[in-house]
**Student:** 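Pasting a structure here, questions to come.
Counting from 1, the numbers follow the sequence of the chain as shown.
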Amino acid sequence: QQTQASMKNIKAALNMYHGAYGSYPDAMGGSALQALIDERFLESEVLDAWGVPFDYYAPAANGAAYELISYGPDKTDGTDDDLYEYPEHD
């Protein structure tokens, strides 16, 4: 699926950022991913399959270093179609 592939690309960029700076970008919301563009880890803003920017929170509510979120086709937070990605390791 397009959204999951996009999330993997963002995760790879987050891992490169972490390798370069020793941490993930701090912030909340999709604008936090701007750091990946500014530092040239991503070429441009990445949208999910429904044309919506991903949300990013660091740290994540569950204690992970970050969470990357697509709110799915209904574009609503907290519903069953939401997709989440977390780092492979903290």
Side-chain angles (χ1 to χ4, degrees):
Q1 179 187 82
Q2 174 191 339
T3 297
Q4 290 173 330
S6 295
M7 292 177 99
K8 288 184 189 297
N9 289 338
I10 295 170
K11 282 180 68 172
L14 285 163
N15 287 337
M16 289 186 288
Y17 185 99
H18 186 273
Y21 298 105
S23 65
Y24 295 104
D26 286 332
M28 299 182 348
S31 63
L33 296 176
Q34 184 65 40
L36 300 177
I37 298 167
D38 293 345
E39 297 296 324
R40 301 187 189 278
F41 295 112
L42 284 176
E43 289 184 21
S44 61
E45 182 177 50
V46 180
L47 304 177
D48 66 15
W50 304 280
V52 178
F54 292 92
D55 263 355
Y56 167 86
Y57 297 93
N62 69 0
Y66 70 80
E67 64 184 352
L68 183 63
I69 308 167
S70 166
Y71 296 116
D74 71 1
K75 303 176 186 173
T76 303
D77 184 13
T79 58
D80 288 341
D81 65 352
D82 295 354
L83 300 172
Y84 295 87
E85 284 286 342
Y86 301 96
E88 307 297 319
H89 51 78
D90 287 334

**Student:** Side-chain heavy atoms under 4.5 angstrom apart, residues restricted to Ile, Leu, Val, Met, Phe, Trp, Tyr: same cluster for M7 and V52?
**Tutor:**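 Cluster IDs for M7 and V52 differ.
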**Student:** Mind checking side chain to side chain contact (heavy atoms under 4.5 Å, CB included) for K8 and listing every partner two or more places apart, or none if nothing turns up?
**Tutor:**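 In terms of side chain to side chain contact (heavy atoms under 4.5 Å, CB included), with neighbours along the sequence ignored, K8 is linked to no residue.
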**Student:** Checking Y71 now: which residues fulfil side-chain hydrogen bond (donor to acceptor under 3.5 Å, both in side chains) with it, not counting sequence neighbours?
**Tutor:**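 Testing Y71 for side-chain hydrogen bond (donor to acceptor under 3.5 Å, both in side chains), a comparison that skips the adjacent residues, returns D55.
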**Student:** D77 vs I69, test: side-chain contact (heavy atoms from CB on, under 4.5 Å). Steps then yes/no.
**Tutor:** CA-CA 9 Å; D77 184 13; I69 308 167; 5.6 Å; no
**Student:** How far apart are the closest heavy atoms of G72 and D48, and which atoms are they?
**Tutor:**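 Nearest heavy atoms, G72 then D48: N-OD2, 4.5 Å.
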**Student:** According to salt bridge (charged side-chain N to carboxylate O under 4.0 Å, His left out), who are the partners of K11, at least two apart in sequence or on a separate chain?
**Tutor:**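 With neighbours one apart ignored, the set is E85, E88.
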**Student:** Rounded to the nearest 0.5 Å, how far apart are CG of D38 and CZ of R40?
**Tutor:**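 Output value for this atom pair is 9.0 Å.
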**Student:** Using side chain to side chain contact (heavy atoms under 4.5 Å, CB included) as the criterion, list what pairs up with Q2, not counting sequence neighbours.
**Tutor:**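 With sequence neighbours excluded, Q2 shows a side chain to side chain contact (heavy atoms under 4.5 Å, CB included) to S6, A49, given in chain and number order.
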**Student:** Sequence neighbours excluded, which residues qualify as side-chain hydrogen bond (donor to acceptor under 3.5 Å, both in side chains) partners of D82?
**Tutor:**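 Applying side-chain hydrogen bond (donor to acceptor under 3.5 Å, both in side chains) to D82 gives T79.
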**Student:** Does Q4 have any side-chain hydrogen bond (donor to acceptor under 3.5 Å, both in side chains) partners at least two apart in sequence or in another chain, and if so, which?
**Tutor:**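 Scan of Q4 (side-chain hydrogen bond (donor to acceptor under 3.5 Å, both in side chains), adjacent residues dropped) gives none.
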**Student:** Among all residues two or more places apart in sequence or in another chain, which pass the side chain to side chain contact (heavy atoms under 4.5 Å, CB included) test with P59?
**Tutor:**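 Listed in chain order: nothing, the list is empty.
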**Student:** Tell me whether E43 at atom CD has more than 12 heavy atoms from other residues, nucleotides or ligands lying less than 6.0 Å away.
**Tutor:**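 Atom CD in E43 is not crowded, with 12 or fewer foreign heavy atoms closer than 6.0 Å.
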**Student:** Return yes if some donor-acceptor pair links the side-chain N/O of Y24 with the main-chain N/O of P87 below 3.5 Å, else return no.
**Tutor:**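 Between the backbone of P87 and the side chain of Y24 there is no qualifying donor-acceptor contact (under 3.5 Å).
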**Student:** Return the NZ to CH2 distance between K75 and W50, rounded to the nearest 0.5 Å.
**Tutor:**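 Result: 10.0 Å between the selected atoms.
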**Student:** Identify whether L42 and M16 are in the same connected component of the hydrophobic contact network (ILVMFWY, side-chain heavy atoms under 4.5 Å).
**Tutor:**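 L42 clusters together with M16.
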**Student:** Rounded to the nearest 0.5 Å, what separates atom CG in L14 from atom OH in Y66?
**Tutor:**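 Here the interatomic distance stands at 5.0 Å.
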**Student:** Return the set of residues passing side-chain hydrogen bond (donor to acceptor under 3.5 Å, both in side chains) with S23 (not counting sequence neighbours), or none when no residue passes.
**Tutor:**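 Partners of S23 under the side-chain hydrogen bond (donor to acceptor under 3.5 Å, both in side chains) test: none.
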**Student:** Taking only residues at least two apart or on different chains, which pairs with a member in residues 58-68 satisfy salt bridge (Lys or Arg N to Asp or Glu O under 4.0 Å)?
**Tutor:**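 Residue pairs with at least one partner in residues 58-68: there are none.
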**Student:** Mind running side-chain contact (heavy atoms from CB on, under 4.5 Å) on V46 and N9 for me, showing each step along the way?
**Tutor:** CA-CA 9 Å; V46 180; N9 289 338; 5.9 Å; no
**Student:** Are E45 and I37 side-chain neighbours, meaning at least one heavy-atom pair lies under 4.5 Å?
**Tutor:**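 Result yes, sub-4.5 Å side-chain heavy-atom pair found.
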**Student:** If you compare all heavy atoms of P53 against all heavy atoms of L47, which two are closest, and at what distance to 0.1 Å?
**Tutor:**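 Scanning both residues, the minimum pair turns out to be N-CD2, 3.5 Å.
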**Student:** Under a 3.5 Å distance rule, please check whether D74 uses its side chain to pair with a backbone N or O of D81 as donor and acceptor.
**Tutor:**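 Judged by distance alone, no pair lies under 3.5 Å.
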**Student:** Measuring from atom CD1 of I10 to atom CG of N15, what distance do you get when rounded to the nearest 0.5 angstrom?
**Tutor:**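 It is 12.0 Å, given to the nearest 0.5 Å.
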**Student:** Return the CG to OH distance between D26 and Y57, rounded to the nearest 0.5 Å.
**Tutor:**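 Rounded to the nearest 0.5 Å, the CG-OH separation comes out at 14.5 Å.
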**Student:** Check ring pair (Phe, Tyr, Trp, His ring centres under 6.0 Å) between Y84 and all other residues, then give those that pass, not counting sequence neighbours.
**Tutor:**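 Counting only residues at least two positions away or on another chain, Y84 forms no ring pair (Phe, Tyr, Trp, His ring centres under 6.0 Å).
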**Student:** Only counting residues at least two apart or in another chain, list the ones meeting side chain to side chain contact (heavy atoms under 4.5 Å, CB included) with N62.
**Tutor:**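 Side chain to side chain contact (heavy atoms under 4.5 Å, CB included) check on N62 returns A60, A64, Y86.
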